[in-house]
Amino acid sequence: MPVKNRRWVLASRPDGKPVKENFRLEEEELRDPGEHEVLVRARYFSVDPGMRSRLSGDSYAQALGIGETIEGAMIGTIKASNNERFKEGDLVTAGFGWQEYALSNGRGITKLDASIFQPPLTVTAAIGVLGIPGLTAYFGLLDMGKPKEGETVLISSAAGPVGATAGQIAKMKGCRVVGIAGSKDKCEYVTRELGFDACFNYKEEKDLVAAIKKHCPNGVDIYVDNVGGEMLDAAIANANERARLIISGQVAEYNRPEPRGIRNTTRFITHRLRMEGLVVFDYFKQFPQAQAEMAGWIKSGKLKYTEDISEGIETAPEAFIGLFEGENHGRRLIKVG
């Protein structure tokens, strides 16, 4: 029987920070699944800061078209199936975005083993700490950063899902970990709960270069960058010889009409620095191995995670906009009512 689906679409391209008027909630009737198709009912979907550049069309990925569904990761349940790979009631994950239902031929859908998601591991971890944010931290730090015991690792947006995961993995590798966050509460969270050695609130600092130097007196060996802009430049100014700078996000740059760029480029020559951007899908074939290892860390208490869940599909635009105000504490998700 056809179902009514509500979905958020792109109504207009943001000029600077997104506003609610850039999004439109539409209702449509979805037909019954055809041959080899499934109907998925959403339980949760993600709102992601990296989606911002696609709304304006200045991303490495194809721009989202006006009227298209806003993209994000979804956890859902198979409501109806004509596909031999899936049966009604199966728990699945896929990139179906901000909507209540989705029709699919099964491509890109991953079946989840519900028995794995037992406390302390929640089902939402599949699109959080075991999804793209956690995998970004895992491969960025371990493969690109190659941390060595005793090194100093600096992490921006340290209370976010990428930064929090990267910091804990760095601690497992015997590093000294310093976080940068946007509030006193977030700094206390990453030091008291996650075990970071130090964290400072960048909103209270007039001189980021001096603040990093104060908390990293022996310099920075690895910088995990989720912010860009002035913060990236300040980290470069404190980088040690042969430091590795991992660029996984640029939240401070997404809403600027013109990118700020970096200024301390001479240090790349004098200190033999290496800066590299990360697209986590380059590691797609290695995802299962990484997810299994991280799930083991979570169950043994070595890796903790926090989720920031809003109730109802109606809250999605505000939840997304709040990402750029630093409102979220952990992975921001929408629970579909």
Side-chain angles (χ1 to χ4, degrees), residues 60 133-160 162-182 187 190-191 194-202 204-253 259-280 282-283 286 290 293 303:
Y60 64 88
L135 292 166
T136 296
Y138 182 96
F139 290 110
L141 186 74
L142 296 180
D143 186 68
M144 296 170 63
K146 294 181 170 57
K148 302 179 182 66
E149 187 174 355
E151 290 189 319
T152 296
V153 178
L154 177 68
I155 298 176
S156 62
S157 192
V162 176
T165 305
Q168 292 177 86
I169 296 174
K171 286 299 296 180
M172 292 181 210
K173 298 301 176 181
C175 298
R176 181 174 186 271
V177 180
V178 177
I180 306 172
C187 287
V190 300
T191 53
L194 305 185
F196 283 44
D197 296 282
C199 184
F200 69 88
N201 179 1
Y202 72 89
E204 296 179 346
E205 302 291 344
K206 295 181 180 180
D207 186 337
L208 284 175
V209 174
I212 293 172
K213 186 174 183 179
K214 175 184 175 182
H215 290 88
C216 303
N218 296 320
V220 175
D221 299 297
I222 299 173
Y223 175 53
V224 180
D225 181 34
N226 300 295
V227 174
E230 293 85 351
M231 201 170 290
L232 171 58
D233 227 21
I236 293 170
N238 283 277
N240 288 332
E241 281 195 9
R242 304 198 182 280
R244 290 82 74 198
L245 298 101
I246 303 154
I247 312 301
S248 68
Q250 298 279 279
V251 71
E253 299 278 30
R260 176 186 183 275
I262 57 176
R263 314 289 169 84
N264 292 323
T265 53
T266 301
R267 202 173 183 90
F268 281 87
I269 302 169
T270 60
H271 286 63
R272 291 81 161 172
L273 307 184
R274 177 168 61 84
M275 183 167 72
E276 187 173 357
L278 171 63
V279 177
V280 73
D282 291 346
Y283 297 91
Q286 298 167 252
E293 185 170 23
L303 180 62

For Tyr283, the side-chain hydrogen bond (donor to acceptor under 3.5 Å, both in side chains) test, sequence neighbours excluded, returns Asp143
Residues passing the side-chain contact (heavy atoms from CB on, under 4.5 Å) test with Ala170, sequence neighbours excluded, are Leu141, Val153, Cys175, Val177
Residues pairing under salt bridge (charged side-chain N to carboxylate O under 4.0 Å, His left out) where one sits in residues 223-234, two or more places apart or in two chains, turn out to be Glu230-Arg256, Glu230-Arg260, Asp233-Arg260
Minimal heavy-atom distance between Gly182 and Tyr202, with the atoms involved, is CA-CE2, 3.5 Å
Applied to residues 206-253, the ring-ring contact (aromatic ring centres under 6.0 Å, His included) test, sequence neighbours excluded, yields Phe200-His215
Taken in chain and number order and not counting sequence neighbours, the residues that satisfy side-chain hydrogen bond (donor to acceptor under 3.5 Å, both in side chains) with Glu293 are Tyr138
Exercise. Using a cut-off of 6.0 Å, state whether more than 12 heavy atoms not belonging to Lys214 lie near its atom NZ.
Key: no
Output for pair (Glu204 CD, Asn201 CG), nearest 0.5 Å, gives 4.0 Å
Between Ala166 and Ala137 the two heavy atoms that sit nearest each other are N-CB, 3.5 Å
Leu194 and Ala164 have their tightest heavy-atom pair at CD1-CB, 3.5 Å
Could you tell me if the side chain of Phe139 sits less than 4.5 Å from the side chain of Gln286, heavy atoms only? yes
The complete set of side-chain hydrogen bond (donor to acceptor under 3.5 Å, both in side chains) pairs with one or both residues in residues 235-244, sequence neighbours excluded, reads Glu151-Arg244, Asp221-Asn240
Check for a donor-acceptor pair, side chain of Ser156 on one end and backbone N or O of Asn226 on the other, with a separation under 3.5 Å. yes
Residues at least two apart in sequence or cross-chain that pass side-chain hydrogen bond (donor to acceptor under 3.5 Å, both in side chains) with Lys173, listed by chain then number, are none
Sequence neighbours excluded, the answer for salt bridge (Lys or Arg N to Asp or Glu O under 4.0 Å) partners of Arg274 is Glu276
### Task
For residues Thr136 and Leu278, determine if any side-chain heavy atom of one lies less than 4.5 Å from a side-chain heavy atom of the other.
yes
_Met172 vs Leu303, side chain to side chain contact (heavy atoms under 4.5 Å, CB included): CA-CA, chis, key distance, verdict_ = CA-CA 9 Å; Met172 292 181 210; Leu303 180 62; 4.1 Å; yes
Residues passing the side-chain contact (heavy atoms from CB on, under 4.5 Å) test with Cys216, sequence neighbours excluded, are Thr152, Leu154, Val178, Ile212, Val220
*Test side chain to side chain contact (heavy atoms under 4.5 Å, CB included) applied to Ile236 and Phe268, step by step*: CA-CA 8 Å; Ile236 293 170; Phe268 281 87; 3.8 Å; yes
Sequence neighbours excluded, the answer for side-chain contact (heavy atoms from CB on, under 4.5 Å) partners of Ala159 is Lys186, Tyr189, Val190, His329
Closest non-hydrogen contact found for Ile222 with Pro147 is CD1-CA, 3.6 Å
Shortest non-hydrogen pair, Gly228 vs Ala252, comes out as O-CB, 4.4 Å
Taken in chain and number order and not counting sequence neighbours, the residues that satisfy side-chain hydrogen bond (donor to acceptor under 3.5 Å, both in side chains) with Ser157 are none
Note to self: A side-chain contact here means heavy atoms from C-beta on lying under 4.5 Å apart; do Ile180 and Met231 qualify?
What the structure shows: yes
Thr266 meets the side-chain contact (heavy atoms from CB on, under 4.5 Å) criterion, sequence neighbours left out, with Thr270
Asp197 and Arg176 have their tightest heavy-atom pair at OD2-CA, 3.3 Å
